[in-house]
Amino acid sequence: MAAAAAATGAARSQLNKGRSSRRLPVARVRVAVRLRPFVEEVGNPSESSCVRGLDSCSLEIANGRNSQETLKYQFDAFFGETSTQQDIYVGFVQPILRHLMNGQNASVLAYGPTGAGKTYTMLGSPEQPGIIPRALKDLLQLTREEGAEGRPWALAVSMSYLEIYQEKVLDLLAPASGDLVIREDRWGNILIPGLTQKLIASFTDFEQHFLPASRNRTVGATRLNQRSSRSHAVLLVKVEQRERMAPFRQREGKLYLIDLAGSEDNRRTGNQGLRLKESGAINASLFVLSKVVDALNQGLPRVPYRDSKLTRLLQDSLGGSAHSVLIANIAPERRFYADTVTSLNFASRSKEVINRPFTHKSFQPPVKLAPKELMDPPEAKRARNQEELEDGTGSPESSPSCPKLSPLKQLDILEPAVQERLLNLDRILGSRGSQGTSVLSTPRRERTALEKALKEKDSEIQRLKEKYKELEAHRLSQKSMELENEENGSLAPLHPPPSQTVLMTKPLHRVAPFQQIQEQTTSQDNQVLKKESRKRKPAGSPRGYPTYPPLSVRPQPEPGGQREERAEGLRAALALLQMPPDLLAESRRRILGLLNTGSARELRRLQRIGEKKAQLIVGWRELHGPFAEVEDLRRVEGISEKQVATFLKANILIFAAQCYRDFPRKDP
Ligand code: ADP
Ligand code: MG
């Protein structure tokens, strides 16, 4: 069916809906998390998990920064490793389908890093069909019933299938057609003129169109370096209704079923070239999606739909009178940890820090202190029991319901907060003597030994972390020296091989193995870099690298101990890189240029500049004129000193890498 005709039809039919939906309160996006089980193709099944469910709505994950804490998240629903395709579909998706019959829109989005189970959840397999086939079957059945002869409305179902790749909208049912435009009619309905739309009367019709297109996409995935995980796949199902009797009203409901591009942090994975460009587009659109979901769930007056193709497309199906659900897919393996935390933070804007260890064995880096060296037999035995309990492999005698459980084991079946309070009480009474018996009747000697062992383990971990940071900093400085050597040595290799560009930026994001939220790590990074820089001689390094002038960090008008420390951290970071002065100056000049001329949208291409900060910068510029130097960002209200330091640290490196690439052209 020609799409243009459909578009006009849609516009006509939406008159009432478009108007009425604007008056309705903005709908919240319901969010579920699905934790997939360990799968052999993805990881080692013997790996221990770093995340576990608490109940049907919440889960906890080890806190990578503090092994004594876990992070607890709450959602509209949580589906654990054992949940089935049917559970998710029936519990979270099926209930929204009936709204399509009333001419309302709906969307289902699967979010999460590559390998976490998005495609499994949406598409599934012939044996374990996912949301798409289940929803299509039910929807077709519903429309057959509702549209049967004698019923007031005649119904027609149609489908379109598209892909958003690098901010281009591509028709998967007509792969030859190019980038399609997204338009909005005067009633606020979103249309894609030119998009193929196929009528489907049965599930066989659906498969006939969907399967080849899906297959094409998967074949493309191998050929084009996993393109399928780097684009958003959008299946659009429309239910059009016509009243059989006067006044012959028309209405239309749209359902979007979306397998989003992988949300992994592509900077961390060290992508370059095309992958880096793809990553930029993915990160940008997922970032906008998170802003949209956030704005809707907080009831903010402005929802930034227009900032990405994906959200623009979903404008009339996310919020308004639409029913939207987001399923964040997460994986249990430890190597997914950082992406899991990011996904959980995306899906939930609030989390709670619970003061209790996750599972000691599962989340600490390998430390050469074997349990038997740390514990005497009773403790080792208790720890084993504890592990069995956590793994669910404990014998019936050691199960939580068993009355013979030791008090400490019984703690496991209590609420975390209650556990924590009991443990504190136990500690207090224990340390006071309490006539030699602690509340939980743990022999004091045993507990002291355990605590001592734990302390030793903690300090060992701390030491290893420090060592790791030092090594990373050392590697970074070596690399920058090599880069400079190449630049000074010959003209030929002036274009750094791609991996070098990545190495220049990557370590800043990978200081610690458990890095999660970059803001949290910044001050630590600075301190490590500072330490490293103190070890270095200020000038005339053995290899004769040029030293560069210190950054012109302004004198501080207010008490500036902390600021000076941060500025020093920044200087140290740059000193560490041994960046040639001209490269540094050019990098700063470019950043300043962008700060002074970039639109809010362009400014958001800078690291650490989100929508709010971009607007603050543009506003400040309008009031005060151009910035004289990049550090002037500190004068913008709402941007802190610390944020400026982080901003510089992130951007100078990236711009320097760009300048480095451009130099041969400018100055052969
Ligand atoms: P993504 O689309 O997020 O990249 P996939 O859906 O391709 O991830 O899942 C990665 C692997 O994990 C696949 O082999 C898939 O079959 C398997 N998998 C994902 N979720 C589950 C699950 N809930 N149960 C069993 N296997 C799963
Ligand atoms: Mg996939």
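Atoms within a ligand are numbered from 1 in the order they appear, just like the ligands themselves.
For the pairing with Arg34, the side chain to side chain donor-acceptor pair (under 3.5 Å) check across Thr121, Asn329, Asp87 returns one residue only, Thr121.
With sequence neighbours excluded, no residue forms a ring-ring contact (aromatic ring centres under 6.0 Å, His included) with Tyr120. With sequence neighbours left out, Phe210 forms a ring-ring contact (aromatic ring centres under 6.0 Å, His included) with Tyr161, Phe206.
Only the side chain of Pro37 comes within contact range of ligand 1, with a heavy atom under 4.0 Å; no backbone atom does. With a 4.0 Å cut-off on non-hydrogen atoms, Arg34 touches ligand 1 through its side chain and not its backbone.
What you find for Ala213 and Leu173 is that their closest heavy atoms are CB-CD2, 3.9 Å.
When distances to the Mg ion (ligand 2) are checked against a cut-off of 2.8 Å, Tyr120 contributes no N, O or S atom below that limit.
The neighbour count for Arg144 CZ, taken as heavy atoms of other residues, nucleotides or ligands under 6.0 Å away, is above 12.
Taken to the nearest 0.5 Å, the NZ atom of Lys309 stands 9.5 Å off from the CG atom of Leu180.
Residue-to-ligand polar distances keep Thr121 apart from ligand 1: every N/O pair is separated by 3.5 Å or more. Checked by distance only, ligand 1 and Val39 stay at 3.5 Å or farther apart across all their nitrogen or oxygen atoms.
If you number the atoms of ligand 1 from 1 as listed, the ones under 4.0 Å from a heavy atom of Thr114 come out as 4 (O). Those atoms of ligand 1 with a heavy atom of Lys118 less than 4.0 angstrom away are 1 (P), 2 (O), 3 (O), 4 (O), 6 (O), 8 (O). Near Pro113, meaning under 4.0 Å from any of its heavy atoms, are these atoms of ligand 1: 3 (O).
Every heavy atom of Gly112 sits 4.0 Å or more from the atoms of ligand 1.
A donor atom on one side chain and an acceptor atom on the other are not found under 3.5 Å apart for Glu184 and Asn189.
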